[in-house]
Amino acid sequence: MSALNTAGTAILGAGIFAKEAHLPALQILGPLAPKLRAVYSRSEKSARELAAQATTLLNTTPDVYFDGNPSSNLDALLARSDISSVIIVLPITQQPSIVLKALAASKHVLSEKPVAPDVASGAKLIAQYETQYKPKGLVWRVAENFEAEPGFIAAGRAIAAGKIGKVAFFSSHTVNFFDKDSKWYKTPWRTVPDYQGGFLLDGGVHSAAALRVILQSAMTHLSGFASLNKEWLAPHDTINTIIKNADGSHGIFELSFAAPSPSRSGAGRGIVITGTDGWLEVQQTLARDLIHNVEKPIFRVTIKSATRDAHGILGPEKEEVIDEPIRGVELEQASFFAALDGKDDGLGSPFGALKDVALIQAALTSGGELIDLEKLIHQPVLAGYAGSD
């Protein structure tokens, strides 16, 4: 690891995902990640709980920072010269200001998705980064783990290689069952969301990112409807849309958190891309880890390629199955830390994450009208650059 990374990192936020995803990812990366030197949360209790877990997983005890004490608050953490980067895992509406605060303190930033609560604020944030902080050599990436998942990347490569011919149409179906006992629902900022779409934004950008990675053509237009079926999931819990891509292909994008029972979640779930010479499917399933003898979640990509003879007569269908372990958080962290070392693979682009927010925002606001996704994105981006001068 280069000197650029040895200064250490910090986690800002001590919620479920910081504990269950980001800390374990740092453990897996080991020496490929800088040392975790500090953790921060608004409450001292949460910060200390995260630090205790870090001690167990990483065999190091990070310093604890929290609000209320000037000597141990966020400003004090960001003033440390032995911390060069931060991983921000805070509520959606709080993240943009903390991203800017960290960049202003000359820290590299990996911030959790979504990039911002809406397209306008996301575009403004990107413009500020591009004009004020990127020229200083600071790195900002958005942690969208679905963008880093090997399963979705494998599906995209199969399409790029022509294994199903030209994409004709596609579908993405995700229906989730939530009740009030869910650990995710019990998170206060999710229970009463102060951002558009509630869980549809928070979780929906994952589905949008998966399509963005798989499809080789940009999504350009959308029409659809949004609804609320469970009052306690306000403001919306379901979207059903149709999407058109730049290459003329089109498809269905459906997302709901209003399944009436757990069994509904598995019905028709997954992504299917149909081409002129075959089709592929991406589904999450379980596979046995033979080393540890346990079932682990994977993304399974099934590719069906049609074959034709010299006369165009359909022959036997070829099948290829690719199983990839779910490790997006680990890989997005690895990509971020590599970027600090000058090895940027382009993963985690804030502009890519803005496209995901635009898709969900368009689905929430369409009301059956056709929305130009490129116009929705680029007008605020241009305005953001004008306002950052």
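All heavy atoms count here, side chains included; hydrogens, waters and symmetry mates do not. The model shown is predicted, which means the values in this text are computed figures rather than measured ones.
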When you measure from the side chain of [X] to the backbone of [Y], do you find a donor-acceptor pair of N or O atoms at a distance under 3.5 Å?
| X | Y | value |
| --- | --- | --- |
| Y65 | A47 | no |
| R157 | A160 | no |
| Q216 | I214 | yes |
| D179 | D181 | yes |
| Q333 | H22 | yes |
| S305 | G278 | no |
| S265 | F177 | yes |
| R288 | N293 | yes |
| S217 | A246 | yes |
| E254 | T241 | no |

Between [atom1] of [X] and [atom2] of [Y], what distance do you get to the nearest 0.5 Å?
| X | Y | atom1 | atom2 | value |
| --- | --- | --- | --- | --- |
| I28 | L23 | CD1 | CG | 11.5 Å |
| T131 | I126 | OG1 | CD1 | 11.5 Å |
| E330 | Q27 | CD | CD | 10.5 Å |
| R42 | L90 | CZ | CG | 7.0 Å |
| I271 | Q284 | CD1 | CD | 11.0 Å |
| R300 | E281 | CZ | CD | 10.5 Å |

Pairwise side-chain contact, [X] with [Y], heavy-atom cut-off 4.5 Å (strictly under):
| X | Y | answer |
| --- | --- | --- |
| Q361 | D118 | yes |
| E144 | H206 | yes |
| F146 | D356 | no |
| K136 | S106 | no |
| L100 | Y133 | yes |
| E320 | L280 | no |
| L233 | Y185 | yes |
| W184 | F17 | yes |

Are [X] and [Y] grouped together when hydrophobic residues (ILVMFWY) are joined by side-chain heavy atoms under 4.5 angstrom apart?
| X | Y | value |
| --- | --- | --- |
| F225 | L373 | no |
| I273 | V213 | yes |
| L58 | V329 | yes |
| L354 | I98 | yes |
| I16 | L201 | yes |

| request: Report the C-alpha distance between S43 and F66 in whole Å, list the side-chain angles of each, state the deciding distance to 0.1 Å, and finish with yes or no for side-chain contact (heavy atoms from CB on, under 4.5 Å). | output: CA-CA 6 Å; S43 76; F66 51 91; over 6 Å; no

| task | Verify whether one side chain among Q95 and E112 offers a donor that lies under 3.5 Å from an acceptor in the other. | result | no

| Strictly by modelled atom types, are T174 and N176 linked by a side-chain donor-acceptor pair under 3.5 Å? |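 Looking only at side-chain atoms, N176 and T174 do not form any donor-acceptor pair under 3.5 Å.
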
| task | Applying side-chain contact (heavy atoms from CB on, under 4.5 Å), run through R37 and D63 and close with a yes or a no. | result | CA-CA 6 Å; R37 297 191 181 277; D63 296 325; 5.8 Å; no

Heavy-atom neighbours of [X] [atom1] exceed 12 at 6.0 Å:
| X | atom1 | answer |
| --- | --- | --- |
| K134 | NZ | no |
| N59 | CG | no |
| K355 | NZ | no |
| R80 | CZ | yes |

Could you tell me whether [X] and [Y] have a side-chain N and a carboxylate O separated by less than 4.0 Å?
| X | Y | answer |
| --- | --- | --- |
| D237 | K230 | no |
| D202 | R190 | yes |
| R141 | E147 | no |

| Stepwise, does the side-chain contact (heavy atoms from CB on, under 4.5 Å) test hold for W140 with Q128? | CA-CA 11 Å; W140 171 38; Q128 287 180 274; over 6 Å; no

| task | Describe, in one word, how the ring planes of F299 and F152 are oriented to each other, choosing from parallel (under 30°), tilted (30 to 60°) and perpendicular (over 60°). | result |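 The arrangement is tilted - the two ring planes meet at 30° to 60°.
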
| Steps toward side chain to side chain donor-acceptor pair (under 3.5 Å) verdict (N229, S227) | CA-CA 6 Å; N229 300 280; S227 62; 3.2 Å; yes

| Looking at F199 versus F257, is the centre-to-centre ring distance below 6.0 Å? | yes

| query | Between H108 and T9, does a side-chain contact (heavy atoms from CB on, under 4.5 Å) hold up when you go through it step by step? | reply | CA-CA 9 Å; H108 303 291; T9 193; over 6 Å; no

| request: Going by the side-chain contact (heavy atoms from CB on, under 4.5 Å) test, name the single residue among V86, V142, V89 that passes it with S111. | output: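 Exactly one candidate clears the test, V142.
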
Minimum heavy-atom distance [X]-[Y], with the two atoms named:
| X | Y | result |
| --- | --- | --- |
| S46 | S41 | CB-OG, 3.4 Å |
| S366 | L222 | CB-CD2, 4.2 Å |
| L331 | A148 | CD1-O, 3.5 Å |
| V64 | A51 | CG2-CB, 3.6 Å |
| L376 | A358 | CD2-O, 3.5 Å |
| E369 | S223 | O-OG, 3.5 Å |

| task | Kindly determine whether Y40 and D67 satisfy side chain to side chain donor-acceptor pair (under 3.5 Å), including the steps that lead there. | result | CA-CA 9 Å; Y40 160 81; D67 292 346; 2.8 Å; yes

